[in-house]
Amino acid sequence: MAQEDKLKRKDLKEPDQFLVASNEFLGFLTRNKSVLASVLIGILVIGGGFLFVMQQKSSEALKMEALYFQMTQLVEDEKELTGEPLISKLNSFLEQFEEGDQKLRAQLLLGGTQYQNKKYDDALSMFKMVLDKTLPGTLTYYMAQSGMAHSYEGKKDFNGAITHYKNIIDHPGQSPLFYVYLGLARCYELTQDSKNALLILREIQTKFPEHAGLEKVNLSLKRLEG
């Protein structure tokens with residue numbers, strides 16, 4: 001019992017470690033309050049700036065999506081505008097876009113409309129602008145290459161179309177390729193290159209044996225084989 005009393009008296013004489021640590025921390029805060037205040041203000045400014053930038057980006061993205069929606073509505077509503085007036089209106093919308101994915105989609109939409117109206121050179125220029133900003137294998141790359149291939153076909157430049165169909169096949173990504181191969185075979189046939197047309201048609205039979213459009217391939221093979 002005397003030993004326990006001696007230990008308790010010893011403990012009471014020693015300073016409380018929590019109080020010591022607390023006093024040291026408060027002393028540190030007092031000595032460095034101006035520095036700590038500056039750090040805190042800096043953190044708040046950076047955090048506020050980050051939130052502001054994110055909010056601005058979100059607001060800008062919503063604005064671009066709204067513009068793109070208006071463009072699609074114009075294209076779908078054939079009673080409203082057609083031909084050159086429609087293309088002109090779509091161009092005026094396109095000028096309002098910031099650089100980014102929404103603008104690429106808007107350019108594809110405009111290029112497709114130009115193609116539909118047989119403005120093949122304008123369509124090629126629009127699709128080329130998209131290609132310059134996309135990576136092979138992406139859906140946007142596929143759409144732009146396909147647009148260029150069809151535009152060259154529209155111009156009767158079948159060799160140009162062949163180049164772009166091949167570009168899609170070389171960088172397929174997740175894109176559907178049945179009609180790409182079919183377009184390639186068609187262009188070979190139109191350039192009187194029956195040998196390559198037959199090779200591509202047979203490749204289609206091998207690659208897509210269950211495709212619903214295979215009957216068209218079989219008919220083309222029978223025609224070319226005589």
Practice task
Determine, stepwise, if the pair Phe93 / Leu110 fulfils side-chain contact (heavy atoms from CB on, under 4.5 Å).
Solution key: CA-CA 10 Å; Phe93 275 112; Leu110 177 54; over 6 Å; no
Problem - Verdict with supporting geometry, Asn196 and Asp193, side chain to side chain donor-acceptor pair (under 3.5 Å) - result: CA-CA 6 Å; Asn196 273 317; Asp193 188 349; 2.8 Å; yes
Practice task
For Leu177 and Phe208, run side-chain contact (heavy atoms from CB on, under 4.5 Å): C-alpha distance rounded to whole Å, both residues' side-chain angles, the deciding distance at 0.1 Å, then the answer.
Solution key: CA-CA 9 Å; Leu177 294 181; Phe208 310 97; 4.0 Å; yes
Exercise for the section: Starting from the C-alpha separation in whole Å, work towards a yes-or-no answer on side-chain contact (heavy atoms from CB on, under 4.5 Å) for Leu201 and Leu182. Expected result: CA-CA 7 Å; Leu201 289 168; Leu182 198 60; 4.3 Å; yes
Practice task
Determine, stepwise, if the pair His171 / Thr138 fulfils side-chain contact (heavy atoms from CB on, under 4.5 Å).
Solution key: CA-CA 9 Å; His171 306 91; Thr138 61; over 6 Å; no
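The line from CG of Asn167 to CE of Met148 is 9.0 Å long, rounded to the nearest 0.5 Å. Rounding to the nearest 0.5 Å gives a distance of 10.5 Å between CE of Met126 and CG of Leu109. We find the OG1-CG distance between Thr134 and Leu108 to be 8.5 Å, quoted to the nearest 0.5 Å. Residue Ile200 holds its CD1 atom at 11.5 Å from CG of Leu221, rounded to the nearest 0.5 Å. In this structure, Gln96 CD and Leu67 CG are separated by 5.0 Å, a value rounded to the nearest 0.5 Å. The CG atom of Asp132 sits 3.5 Å away from the NZ atom of Lys128 when rounded to the nearest 0.5 Å.
Taking hydrophobic clusters as Ile, Leu, Val, Met, Phe, Trp and Tyr residues chained together by side-chain heavy-atom distances below 4.5 Å, Ile169 does not share a cluster with Leu199. Under a hydrophobic-cluster definition in which Ile, Leu, Val, Met, Phe, Trp and Tyr are linked whenever side-chain heavy atoms come within less than 4.5 Å, directly or via other members, Leu86 and Tyr120 are assigned to different clusters. Leu124 and Met143 end up in the same hydrophobic cluster when Ile, Leu, Val, Met, Phe, Trp and Tyr side chains are linked at under 4.5 Å. Tyr181 is connected to Tyr179 through a chain of hydrophobic side-chain contacts under 4.5 Å among Ile, Leu, Val, Met, Phe, Trp and Tyr, so both are in one cluster. Note on Leu104 and Ile168: same hydrophobic cluster, where clusters join Ile, Leu, Val, Met, Phe, Trp and Tyr whose side-chain heavy atoms are under 4.5 Å apart, directly or indirectly.
Between Gln102 and Tyr68, the shortest heavy-atom distance links the atoms O-CD1, 4.4 Å. Here the shortest heavy-atom pairing between Pro176 and Val180 reads O-CG2, 3.8 Å. Heavy-atom minimum distance, Gly160 versus Asp157: N-OD1, 3.0 Å. Among all heavy-atom pairs drawn from Leu224 and Ser194, the shortest one is CD2-OG, 4.2 Å. Shown here for Gly111 and Phe127, the closest heavy-atom pair between the two residues is C-CZ, 3.4 Å. Ala161 and Ala149 make their closest contact through CB-O, 3.3 Å (heavy atoms, listed as atom of the first residue, atom of the second, distance).
Summarising the local packing, NZ of Lys119 is surrounded by 12 or fewer heavy atoms from other residues, nucleotides or ligands at distances under 6.0 Å.
By the salt bridge (charged side-chain N to carboxylate O under 4.0 Å, His left out) test, Glu98 pairs with no residue at all, sequence neighbours left out.
Aromatic ring pairs are classed by plane angle as parallel below 30°, tilted from 30° to 60° and perpendicular above 60°; the pair Tyr165 and His150 is perpendicular.
Side-chain contact between Leu94 and Gln107: present, with at least one pair of heavy atoms (C-beta onward) separated by less than 4.5 Å. Under the 4.5 Å side-chain criterion, counting only non-hydrogen atoms from C-beta, Thr72 is not in contact with Val75. Residues Lys89 and Met71 have side chains not in contact (no heavy-atom distance under 4.5 Å, counting atoms from C-beta outward). Side chains of Leu184 and Tyr188 form a contact here, defined as non-hydrogen atoms less than 4.5 Å apart. Proximity of Ile204 to Leu214: side-chain heavy atoms (C-beta onward) are separated by under 4.5 Å at one or more points. The shortest side-chain heavy-atom distance between Lys166 and Gln145 does not fall under the 4.5 Å cut-off.
Aromatic ring centres of Phe158 and Tyr152: separated by at least 6.0 Å.
Listed by first and then second residue, the side chain to side chain donor-acceptor pair (under 3.5 Å) pairs involving residues 211-226 are Glu189-Arg223, Arg202-Glu225, Gln205-Asn218 (not counting sequence neighbours).
With hydrogens and angles ignored, the 3.5 Å screen pairs no side-chain donor or acceptor of Ser146 with any backbone N or O of Tyr142.
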